[in-house]
Amino acid sequence: MLDKTYEPQNKEKLIYKKWEENHCFKPLSDSNKSINRENFTIIMPPPNITGQLHIGHALNNTTQDFLIRFKRMKGYNTLWIPGTDHASIATEVKIIESLKKEGLSKEKLGRDEFLKRAWEWNDKFGGRIKLQLKTLGCSCDWDRCAFTMDEKRQKSVLHVFKTLYDEGYIYRGEKLINWCPTCRTALSDAEVEHVDENSSLWYIRYPYADKSGYLVVATTRPETMFGDVCVAVNPNDKRYKDKIGKELILPIINKKIPIISDDYVEKDFGTGVVKITPAHDFNDFEVGKRHGFEPIKIMNLDGTMNDYCGKYANLDRYVCRKQLVEELKSLDLIEKIEPYNLPKATCYRCHNAVEPMMSKQWFMKMQDMANLGLEAIDKNELEIVPNRVQKIYRNWLVNIKDWCISRQLWWGHRIPAYYCKNCGNTMVEIHNPSVCDKCGSKDITQDPDVLDTWFSSALWPFSTLGYPDKTDDLKTFFPTSILVTAQDIIFFWVARMVMLSKKIMGKTPFSKVLINGIVRDDEGKKMSKSSNNGVDPIEIIEKYGADSLRLSLLFGNGTGNDFRFSEEKILEDRKFINKVFNSGKFLELVLSQTTEVKLDTTKLNIFDKWIYSKLFETIEEINKLIDNLDVCQAVNKMYSFVWDEFCNYYLEFSKPYVYSDDQNTRANACAILKDIYLNILKLLHPIIPFITEDIFSNFTNEMLINQSYASSIGYFKKETEDIEKIISLIQKIRETRLSYNVIPSKRITLVVNKNNASKDSLNIIDESRLVLSKMTNIEKVDVVENIDSENVKFVCELGEFYFYKNEVVDTEKEREKINKDIDKMNSEIKILESRILNPNFVARAPQQLVEKEKARYEYLLNSKKSLEEKLKNLK
RNA sequence: GGGAGAUUAGCGCAGUUGGUAGAGUACCUGCCUUACAAGCAGAGGGUCAUAGGUUCGAGUCCUAUAUCUCCCACCA
């Protein structure tokens, strides 16, 4: 028995448990049931263990679950692998914050203790994330759940690192890199965010060595002047042509530096003179290299100035800047200071300014990799939906630089590089070597650094399946089918997965990428941890149920478009779930009043054939839409089929039959109704899995999740067209009744003009008499040969119809109504005339369309004429 | 500075090869009709941001402009 109303809170947990206990999330191949089944695999973008999931994750995972459930019911051998990401820097930042509250620091704690804390953190938040995913209904295979830092994934990382090192793709070197003085680690280019900052442009006088005056240099970073190796001008700048080669005195530290020329310098910016500080600026580094200058480091790793800066040593760079500018002013070496906006490079985790610094780090050579990434797109191995994202992906790969993969952090994959203290030999090994393979010394230390967190995520499509071991999973499920993810990690993650999968596995890791839109709050702001406007899905689910949330996320939002989340929308959409439930209650009711029989599809009436046709159409369209990853439209189709066609029409059509006095008619009508309804549950299961499963269990002894997807017995063209006509007749009757103010409870007569309706039409009307009576409160249908034109007339595809004047009269109303109709017709006639009377249209538009428009035109003219006549006769 | 997207009914949105603008919600009218008032039936409401262009025909294609959003970026 279905409950009076559906209470998701009491049901969902139990249903999920039932699915898990029955191993419903397992691929068929686990139990050798997948003979000849196509595989369908999704790897879940592993959420960071830094916190908990918000609605954005819910959208992402609902989309994946929708696809997985759909494909599972379609008979695919489906696998959805869940997992979490250790999020090296992000988690470390969080742990350090929490240590601070205890008065601790990571240094005080020591590496081993710190890592212990990190694992505890993982247990806590990783566990919470899994709970959230289960609450949402995600049908992923938890036995295959992976963590980027677990033993198997560590093994994958070691193997890939060693492979790429041996092939020369991974190298160590001292280069200018992005350094976060707050997190005290190197960052990759992708981890640097640029924010606009109001700053200044300082014009500093650099005196000539020959005391012939000074040259004015414009800079945004006065404090880096200690590291200047030269000053550059554009070779074509007439102002400075004769100055090239002369020497300047670098103020404060009084060092001679030359004036050089380089095309990099823009004549029109500032004074056209640039100070060159190779150790602390990426452009300057290149210029310095071109002209053979050694970079001079002037900063410590914590962002303070180093000993090279004399009295400014150990001052924070910004404090130094302030004091230095004061000193320069006092020396009359500041020409002027202009306000200036510049993009400031900041750390994507702590949001503090990052510094370009010279540092010895590990890098991955990216040029070949990028070509692999581009090849995936060029050779159509990879399709990104929506298509525009492809450009973003391509653009990043075209401008790629080597990837700095080492981080001066503790929480992460420790780099498997070992250094011999005796001979300086470097070894990269999967297993900790006990002696140096060159000199035999036992004095060996492992590199203290860890890998960029995105290194392990880049291996996700094959590390989750068991690489480097040649597992069955890897054989069966790689490459995977679709990746569903957010736009902001295209570079961090998607591009790197493609490159490394192609490099290591020789294949693109997935053939399609579906990019979800960004979830915003009800004010339109992006939901994120930093804005603190994230909503916990569990909070919403406890209030409205997981199905409501899922439906709200998938319904009415263009796939890939941004999505504005609001509880009001959930309230609106939840009505649909209620509707589904109530139609189930109706089925239960009528079944209770009959003895159930097996469905006999040879005994379908015109209405049954119509609904089966509609079901057929709906499924066809859904298949096509999901193939194109147009989840939004697919859900729309389901929605309107269920609500409009099934609930609003078919249920009403079926009533005369399911309540029929004839036991056989009644039993078969119920069987058909049940069949359609169970198909609807199948249709909807991927969106709203819990309630559909619950209702299904009420009518069958099987589990819905395991059923094959909805199917229809076929498409009946004639009957479908007939019912469409009946529906428009019903609408016309209702509309006419209402416009004459005929109260709904009044039973009136429908009159058909025999001379103006085809025999076929009369048959259809006859067959639909019961339904018409039920749905429009028609007492009887009179078929007549002649009828007084004073009666109320209306026309639809089936022919001319009338209501008896004495049953509906209201002359004034009718006059009003006719005038209104004529107005409507006039405007349509005008539009049609503009086409039909246009020789160009007639000549160039498709013939079929021209004919159609002409016919419609004729029809309107006739209708209008008869209405005008009627208006004249109206007394 | 470069690039991408958005602009459609009061609101938040959909609109798949160009062919007379759509659903939800809100509002209005009438209904507690035996699945559902979280409902049913019906009505109103849009120069599809603006200006041009291509076309017989443009929300849809092209070119500008405006406003908003996002991404990328080393002009010191």
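Just so we're clear, the structure is a prediction, and the values are computed from it rather than from any experiment.
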**Q** From the options B/C75, B/A35, B/C31, select the nucleotide whose nearest atom is closest to the side chain of A/Glu266.
**A** B/C75

**Q** Base of B/C36, side chain of A/Lys585 - is there a donor-acceptor contact under 3.5 Å?
**A** no

**Q** Roughly, in whole Å, what's the span from CG in A/Leu571 to P in B/G24?
**A** 17 Å

**Q** Write down the distance separating the P atoms in B/C28 and B/U69, rounded off to the nearest Å.
**A** 34 Å

**Q** For B/U63, give its Watson-Crick or G-U wobble partner with both distances under 3.5 Å, or none.
**A** B/A51

**Q** Could you tell me whether the side chains of A/Asn395 and A/Asn399 share a donor-acceptor contact shorter than 3.5 Å?
**A** yes

**Q** Could you tell me whether the side chains of A/Asn561 and A/Asn557 share a donor-acceptor contact shorter than 3.5 Å?
**A** no

**Q** A/Gln633 has an atom CD; how far is it from atom C1' of B/G22, in whole Å?
**A** 11 Å

**Q** Which one is paired to B/C32, where only Watson-Crick or G-U wobble pairs with both distances under 3.5 angstrom count?
**A** none

**Q** What is the pairing partner of B/A4, taking Watson-Crick or G-U wobble pairs with both distances under 3.5 Å in any strand?
**A** B/U69

**Q** Given B/U25, B/A43, B/A76, which nucleotide is nearest the side-chain atoms of A/Lys575?
**A** B/U25

**Q** Report yes if a side-chain nitrogen or oxygen of A/His194 is closer than 4.0 Å to either non-bridging phosphate oxygen (OP1 or OP2) of B/C74; otherwise report no.
**A** yes

**Q** Need to verify one output field. Residue with the more 5' nearest nucleotide on RNA chain B, A/Arg856 or A/Tyr264?
**A** A/Arg856

**Q** Hydrogens and angles aside, do A/Lys344 and A/Thr346 bring a side-chain donor and acceptor to less than 3.5 Å of each other?
**A** no

**Q** Within this structure, what is the CD1-to-C1' distance between A/Ile515 and B/G5, rounded to whole angstrom?
**A** 14 Å

**Q** Mind listing the closest non-hydrogen atom pair of A/Leu328 and A/Pro251 along with its distance?
**A** CD2-CB, 4.1 Å

**Q** Quick check for you: among B/C74, B/U25, B/C72, whose closest atom lies nearest to any side-chain atom of A/Asn395?
**A** B/C72

**Q** Need the pair for B/U20. Rule: Watson-Crick or G-U wobble, both distances under 3.5 Å, any strand; none if unpaired.
**A** none

**Q** Report the base-pairing partner of B/A58 (Watson-Crick or G-U wobble, both distances below 3.5 angstrom), or none.
**A** none

**Q** Closest to the A/Arg388 side chain: B/C13, B/A76, B/A4?
**A** B/A4

**Q** Would A/Lys655 count as a cation-pi partner of A/Phe586, with NZ or CZ less than 6.0 Å from the six-membered ring centre and within 45° of the ring normal?
**A** yes

**Q** For RNA chain B, whose closest nucleotide is more 5', that of A/Asp644 or that of A/Asn561?
**A** A/Asn561

**Q** Please report the distance, rounded to the nearest Å, between CZ in A/Arg835 and P in B/U20.
**A** 6 Å

**Q** So which nucleotide does B/C74 pair with, by the Watson-Crick or G-U wobble rule with both distances under 3.5 Å?
**A** none

**Q** My understanding is that a pair needs two contacts under 3.5 Å, Watson-Crick or G-U wobble. By that rule, which nucleotide pairs with B/G45?
**A** none

**Q** What does B/G10 pair with, Watson-Crick or G-U, if both distances are under 3.5 Å?
**A** B/U25

**Q** Check whether the side chains of A/Glu193 and A/Tyr348 place a donor and an acceptor atom closer than 3.5 Å, and report yes or no.
**A** no

